There are 2 protein chains.
Amino acid sequence: MADVAERAGVSPSTVSRTLRGLTSVSPQVRTRVEEAARELNFAISRQASSLVTGRTGVMAVLVPTLDSWFMGAALSSLGPLLRGAGMEMTVYVVPDLAERAEFFERLPARRNADALLVFCFDLNKEETARLDDLGVPVIYISQHVEGRPSVYVDDVAAACRATRHLINLGHRRIAFAHTVNARGFSFSSRDRLLGYRQALTEADIPLDDDLVVTTPPRDKRGTTQAVGNLLSLREPPTAIFAEQDELAASLILSLRTVQIEVPERISVLGFDDQLMAEWLDLSTVAQSPSDMGRAAAELALELINDSDADLSQHIVLPTHLIPRGTTAPPPAPQGEREGNSPAEGRNA
Amino acid sequence: MADVAERAGVSPSTVSRTLRGLTSVSPQVRTRVEEAARELNFAISRQASSLVTGRTGVMAVLVPTLDSWFMGAALSSLGPLLRGAGMEMTVYVVPDLAERAEFFERLPARRNADALLVFCFDLNKEETARLDDLGVPVIYISQHVEGRPSVYVDDVAAACRATRHLINLGHRRIAFAHTVNARGFSFSSRDRLLGYRQALTEADIPLDDDLVVTTPPRDKRGTTQAVGNLLSLREPPTAIFAEQDELAASLILSLRTVQIEVPERISVLGFDDQLMAEWLDLSTVAQSPSDMGRAAAELALELINDSDADLSQHIVLPTHLIPRGTTAPPPAPQGEREGNSPAEGRNA
DNA sequence: TTGAAAGCGCTAACAC
DNA sequence: GTGTTAGCGCTTTCAA
């Protein structure tokens, strides 16, 4: 910077003012400085400036993985948005409990970011408290934390509506498939199961734990086995609600492998509306991770700038049921009908 | 830090030494300092320390998007590896040409990172030169840049082998499907086309531009249309080599929609071996983005520490042809046979 | 509108 | 093994 100042024949302060776009610089000086900076290929060191301003210009992002549709979409939308605000994005990938313990022990984001975006972690009280005294705003995405800024969809309601869709089609034996996650990374999954149960209860359909199956994530064999378990039940399901599209896709392919047509014999309903849902013509519940990312980033920027902004606001984004080709009425009418709620046609 | 020093009854230097894990601290003092640091919830400011050490502790990563299988896998493996080396990862998402121009204009990584990992960009000379004078090592991933450290797979050879697999099965009308990318983001795609052409030429199969189709990325309609174009050719293909699994998946579903069985009527071969390949039982060429990420990170760390390390080494990672259920011999023997190369059975 | 000087929080070189 | 001191590159008073 001293070099630039010398070359432009001004003081370092003036160079600083110019490069930060302050107005209190005469046009001629401004041109001279900018030219010198360009010639010397100069860029301000964030390290040095943040040392004095107290701002790092960094948005920290905590994610369990980047290898998922949700994270990819959410963070891709984040990047350009932050750039617009002059911020950079540093990403902490914390895939398992060991890394997680270490993260919370060392808390590397402390003093090294202006805000922290926490994605998809099911934090315990202690962890939340630890983040609280990070000294910067912490925004929770795809999870709701009491009294802290959060951005999420109402998974319970969405799953409930989705399940009702199946009920309204005439299904009464409805399975719920979810993936086992490492403990502490599965907020939405739990809520979706709640929604499923709620819909069944409302429709007076008895809950049957045999209909709730669990598979390891992204495991073809596990899915096949789950399908086998469901089919070998005395009264097998006529519909399966999968907690995620990926799982739904896997289920459909497993079912077709054993010559069970979807939706003729069994309906399958997903959650997410990611790309493969359209390809597979999969009925699903749409949510938009990029909207969530954007909302979270905007909220974070607001909290950074207004130190006295509302720290406990929750942004609940909408979901949409998208009926496609994998859900249809069950193959043969099930005997009992009496419990059917009279309202709500098929337009759940 | 001064607070910690005071609380522990030592000087700031000692605190610094302790927290950096230097050995020249007596055990008792070390315990006292660590305790004080914990009690005060103190963490070192990277900003301040990098100002004096000249190291930022940051690995910058330049990617076109995060919303893709390749990036997700590559960066997920990167995170923990960097953490192990005490580094953080800041990600620059540069999705289009406008953002790209701005990135290269401002070069925000300058002085704010110890190394830069450039993923999947097909850079021009000027851009490469601009990165050269960034002052830190720049590693190119999934692309080869002459004289610069690069990590990639041999797309030409892999595509050639893959095409030979189809030829060896008896196919002679082989289509190549690729996605249109924004100019400058499509290094591998180009190389895979080259490999395809090379294999055909070696087998004396005439190149036919009608067999090379292009679709917008992730566009169902575009795929459907491409399939339509291929099927309406006077002599339609009996096999399609898709530049990526995603595209292959989309093609298969399009084909099945119009009642064309895969592989009975048309074989489909992908590239990547991502999750959906296994699900769809898709024959494909496997590459490992996480290995590429790891190799790149290790190379970067080496270049950071050895200023005189070999700056032009290229790491070429292996690919594997994985024949699964979507490739089979063509339905009916094609008339002409004379051009067949005698070598190489079916074990391409 | 510009410059001089102080200092942000840390580390490194040197003394003890 | 520990403390003292100078200074990394910037921004920010304050004075001119």
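FYI, side chains are in, hydrogens and waters are out, and symmetry mates aren't considered; it's all heavy atoms of this structure. Chain letters run A, B, ... following the sequence lines, proteins first, then strands; residues in each count from 1. Note that the coordinates shown come from a computational prediction; the quantities given were computed from them, not determined experimentally.
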Inset, instruction - Give the intermediate values and the outcome of side chain to side chain donor-acceptor pair (under 3.5 Å) for residues A/Ser68 and A/Thr65. - result: CA-CA 7 Å; A/Ser68 87; A/Thr65 178; over 6 Å; no
Legend entry - Evaluation steps, side chain to side chain donor-acceptor pair (under 3.5 Å), between A/Arg20 and A/Ser16: CA-CA 6 Å; A/Arg20 276 179 298 148; A/Ser16 173; 3.0 Å; yes
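Residue A/Val25 places its side chain closer to C/dT2 than to any other of C/dT2, C/dC10, D/dG1. For A/Phe42, the listed nucleotide lying nearest its side chain is D/dC10; candidates were C/dT1, D/dC10, C/dC10. Of all nucleotides listed (C/dG3, D/dG3, C/dC10), C/dC10 comes nearest to the side chain of B/Ser49.
Between B/Thr14 and D/dG3 there is a side-chain N or O to OP1 or OP2 distance below 4.0 Å. Residue B/Ser16 places at least one side-chain N or O closer than 4.0 Å to OP1 or OP2 of C/dT11.
The cationic group of B/Arg106 does not satisfy the cation-pi geometry with B/Phe103, failing either the under 6.0 Å distance to the six-membered ring centre or the 45° limit from the ring axis.
Using a 4.0 Å heavy-atom criterion, one finds that B/Thr53 contacts the sugar-phosphate atoms exclusively. Nucleic acid contact class of A/Arg30 (heavy atoms, under 4.0 Å, all strands): none. Contacts of B/Ser13 with the nucleic acid, taken as non-hydrogen atoms under 4.0 Å apart, include base atoms. Within 4.0 Å of B/Arg20, counting heavy atoms only, lie sugar-phosphate atoms of the nucleic acid but no base atom.
Atom CD of B/Gln47 is separated from atom OG1 of B/Thr56 by 10.0 Å, given to the nearest 0.5 angstrom.
Rounded to whole Å, atom P of D/dG7 lies 14 Å from atom CG of B/Leu51. The distance from atom CE of B/Met1 to atom P of C/dA12 is 11 Å, rounded to the nearest whole Å. Protein atom CD of A/Glu6 is 18 Å distant from nucleotide atom P of C/dT2, rounded to whole Å. Protein atom CG of A/Leu22 is 13 Å distant from nucleotide atom C1' of D/dC10, rounded to whole Å. Atom CZ of B/Arg46 and atom C1' of C/dT11 are 15 Å apart (whole Å). Straight-line distance from the CG atom of A/Leu19 to the P atom of D/dT12: 14 Å, rounded to whole Å. What separates CZ of B/Arg111 from P of D/dG9 is a distance of 7 Å, to the nearest Å. Spacing between atom CZ of B/Arg32 and atom P of D/dG3 amounts to 9 Å, rounded to whole angstrom units.
Taking for each of B/Ala48 and B/Thr23 the nucleotide of DNA chain D with the nearest heavy atom, the 5'-most of the two is the partner of B/Thr23.
One donor-acceptor pair, N or O on each side, does fall under 3.5 Å between the base of C/dG3 and the side chain of A/Arg17.
B/His144 and B/Tyr152 have tilted rings, their planes meeting at an angle from 30° to 60° on a 0 to 90° scale.
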